[in-house]
Amino acid sequence: MSRAEKAKAILEILQQKIPAPATELKFSTPWQLLVATILSAQSTDKQVNKVTEKLFAAYPGPHEILTLTEEELAAKIKTLGLYRSKSKYILATAQEIVTKHNGKVPQSFSELVKLPGVGRKTANVVLANAFDIPALAVDTHVFRVARRTGLASGKSVLETEKELHEIIPRQLWKDAHHLLILHGRYTCKARNPQCLQCPISSFCDKVM
DNA sequence: AACTCGGGGCA
DNA sequence: TGCCCAGAGTT
C-alpha cells in the first residue's frame with residue numbers, strides 16, 4: 001500500500017469515527033474561523049466554542065467586533081488564556097481587514113500571515129477550512145500522528161508538512177487538519193495513547 | 001533560542 | 001496543586 005493510499009484510508013476512517021460537532025471549532029464564515037483559530041492558542045476547542053458561540057451571535061463580523069474596545073473584548077474572552085493579547089490581535093486584524101482587504105479575509109498565505117496575531121498555523125487552518133485550499137499546519141499532534149502511522153518520516157515539522165502535502169488526496173484536504181489533530185489530541189496522545197480504542201491501529205507501526 | 005502572555009482542564 | 005494546552009510576537 002502506497003503512502004497516498006494509506007493516507008486516504010486513514011483519513012476516511014477518521015472521518016467516520018470522529019464526532020465532529022462536539023469537538024470541532026464551529027464557524028460559519030472565514031472571519032469567524034479566523035477569530036476562533038486565534039482564540040484557540042493554548043486553549044482547547046471546547047473552551048473556544050463556548051466563548052465564540054456567544055461572541056459571534058452578538059458580533060458576527062469584523063465591523064461589529066470593531067465597536068468594542070480592547071478591554072470590552074478582553075472581558076468577553078476572559079475564560080481563555082492569553083486573553084489580553086488575543087483581544088488586541090483580533091481588533092487589529094479586524095481593522096486591517098476592513099481597511100486593507102475590503103472587509104474580506106484574504107485568501108493567500110502571504111497576506112494572511114501579515115495580519116496581527118496570524119502566524120503559520122492559523123493561516124494554514126484558514127486556507128484549508130475556510131477556502132478549501134490545500135494547506136496543513138503541522139503541529140505537535142499532527143507530527144506525532146504522522147510519525148507513528150508512518151505517513152511521514154521527516155525529522156522536522158516543515159519536512160513533514162511537505163510529505164503530507166504530497167500524499168493527502170485533494171478532496172480530503174479540508175478535513176485533514178481537524179481529523180489528524182483531534183485524533184492526536186484524544187486518542188493518539190503523546191502520553192498514554194489509547195491504542196486499544198484506536199480506529200486506525202492496523203495502519204500503525206507503533207501500537208503500544 | 002528564550003521569554004511572555006494566562007485561565008481552565010485534568011490527574 | 002502542578003502540569004499542560006489548535007500560538008504568535010518581541011528581544
Side-chain angles (χ1 to χ4, degrees), chain A residues 11 14-15 18-56 70-97 105-106 109-131 133-147 155-158 160-161 164 168 173-194:
Chain A
L11 289 171
L14 292 180
Q15 267 183 327
I18 293 181
T23 47
E24 208 172 343
L25 287 177
K26 293 177 190 141
F27 70 97
S28 51
T29 67
W31 163 254
Q32 292 185 3
L33 175 64
L34 177 57
V35 172
T37 308
I38 291 176
L39 290 177
S40 69
Q42 299 295 307
S43 307
T44 67
D45 50 352
K46 287 174 192 168
Q47 292 176 279
V48 173
N49 281 335
K50 208 168 171 183
V51 168
T52 52
E53 200 170 331
K54 278 191 197 167
L55 185 66
F56 293 154
E70 208 173 300
E71 290 73 23
E72 287 168 341
L73 179 57
K76 293 181 187 303
I77 62 173
K78 206 172 181 10
T79 54
L80 301 175
L82 319 180
Y83 62 92
R84 274 190 285 263
S85 14
K86 286 173 184 175
S87 174
K88 190 186 303 176
Y89 292 150
I90 289 168
L91 289 178
T93 283
Q95 188 65 254
E96 279 203 24
I97 285 181
V105 176
F109 183 86
S110 58
E111 289 302 316
L112 279 167
V113 291
K114 285 181 194 166
L115 297 171
V118 178
R120 233 188 80 253
K121 294 180 188 169
T122 303
N124 280 323
V125 168
V126 170
L127 288 175
N129 293 281
F131 301 124
I133 293 170
L136 183 69
V138 175
D139 58 22
T140 56
H141 295 306
V142 177
F143 184 72
R144 186 175 61 253
V145 172
R147 292 301 297 267
K155 275 188 281 234
S156 73
V157 163
L158 277 174
T160 303
E161 209 164 284
L164 292 180
I168 293 182
W173 266 113
K174 196 179 175 71
D175 294 330
H177 182 258
H178 282 315
L179 294 174
L180 292 175
I181 206 164
L182 291 177
H183 179 63
R185 173 83 178 87
Y186 297 108
T187 303
C188 193
K189 301 191 285 188
R191 280 158 247 213
N192 193 21
Q194 312 294 101

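We name chains A, B, ... by the order of the sequence lines, and we start the count at 1 in each one.
- With distances taken from any side-chain atom of A:D45 to the nucleotides C:dA6, C:dG7, C:dG9, the minimum falls on C:dA6.
- For the atom pair OG1 (A:T122) and CG (A:L112), the distance works out to 9.5 Å, reported to the nearest 0.5 Å.
- Rounding to whole angstrom units, OH of residue A:Y186 and P of C:dC4 are separated by 18 Å.
- With rounding to whole Å, A:N192 atom CG is found 15 Å from B:dC10 atom P.
- Spacing of P atoms, C:dA8 relative to B:dG8, comes out at 22 Å, to the nearest Å.
- The side chain of A:Q47 lies closest to B:dG7, out of C:dA6, B:dG7, C:dA8.
- Residues A:F143 and A:K155 approach most closely at CZ-O, 3.3 Å, considering heavy atoms.
- Rounded to whole Å, atom C1' of B:dG9 lies 12 Å from atom NZ of A:K189.
- Across all strands, A:L115 comes closer than 4.0 Å only to sugar-phosphate atoms, never to a base (heavy-atom distances).
- When distances are taken from the side chain of A:A41 to each of C:dA6, C:dC4, C:dG7, the shortest belongs to C:dG7.
- Regarding contacts with the backbone of B:dG7, every side-chain N or O of A:S43 stays at 4.0 angstrom or more from both OP1 and OP2.
- Heavy atoms only, all atoms of each residue included: A:K114 and A:E96 are closest at O-OE1, 4.3 Å.
- Atom CG in A:L33 sits roughly 15 Å away from atom C1' in C:dG7 (whole-Å rounding).
- Taking only side-chain atoms of A:L82, from C-beta outward, the nucleotide of C:dC4, C:dA6, C:dG7 with the closest atom is C:dG7.
- Heavy atoms of A:G81 sit under 4.0 angstrom from at least one base atom.
- Candidate nucleotides C:dG7, C:dC5, B:dG6 were compared by shortest atom distance to the side chain of A:H141, and C:dC5 ranks first.
- Annotation for A:K189: atom NZ counts as buried by contact number, over 12 foreign heavy atoms lying within 6.0 Å.
- Regarding contacts with the backbone of C:dG7, a side-chain N or O of A:Q42 is found under 4.0 angstrom from either OP1 or OP2.
- At whole-Å resolution of the value, CG in A:L80 and C1' in C:dA8 are 16 Å apart.
- As judged by a 4.0 angstrom heavy-atom cut-off over every strand, A:K86 is placed among residues making no nucleic acid contact.
- As a whole-Å value, the separation of A:D139 CG from C:dC4 P is 17 Å.
- Of the P atoms belonging to B:dC3 and C:dA6, the separation is 22 Å, rounded to the nearest Å.
- Both A:P116 and A:T140 lie near DNA chain C, and the one whose nearest nucleotide falls closer to the 5' end is A:T140.
- Here the side chains of A:S40 and A:V125 are not in contact, with every heavy-atom distance at 4.5 Å or above.
- In this structure, NZ of A:K88 is placed 10 Å from C1' of C:dG9, rounded to the nearest angstrom.
- Taking atom NE2 of A:H177 as the reference point, atom P of C:dG7 lies 9 Å away to the nearest angstrom.
- Within 6.0 Å of atom NZ in A:K76, 12 or fewer heavy atoms from other residues, nucleotides or ligands are found, so the atom counts as exposed in its surroundings.
- For the pair A:K50 and A:R84, nearest-nucleotide mapping onto DNA chain B gives the more 5' position to A:R84.
- The phosphate of C:dA8 has OP1 or OP2 within less than 4.0 Å of a side-chain N or O from A:T122.
- Between A:R185 and C:dA6 there is a side-chain polar atom (N or O) within less than 4.0 angstrom of OP1 or OP2.
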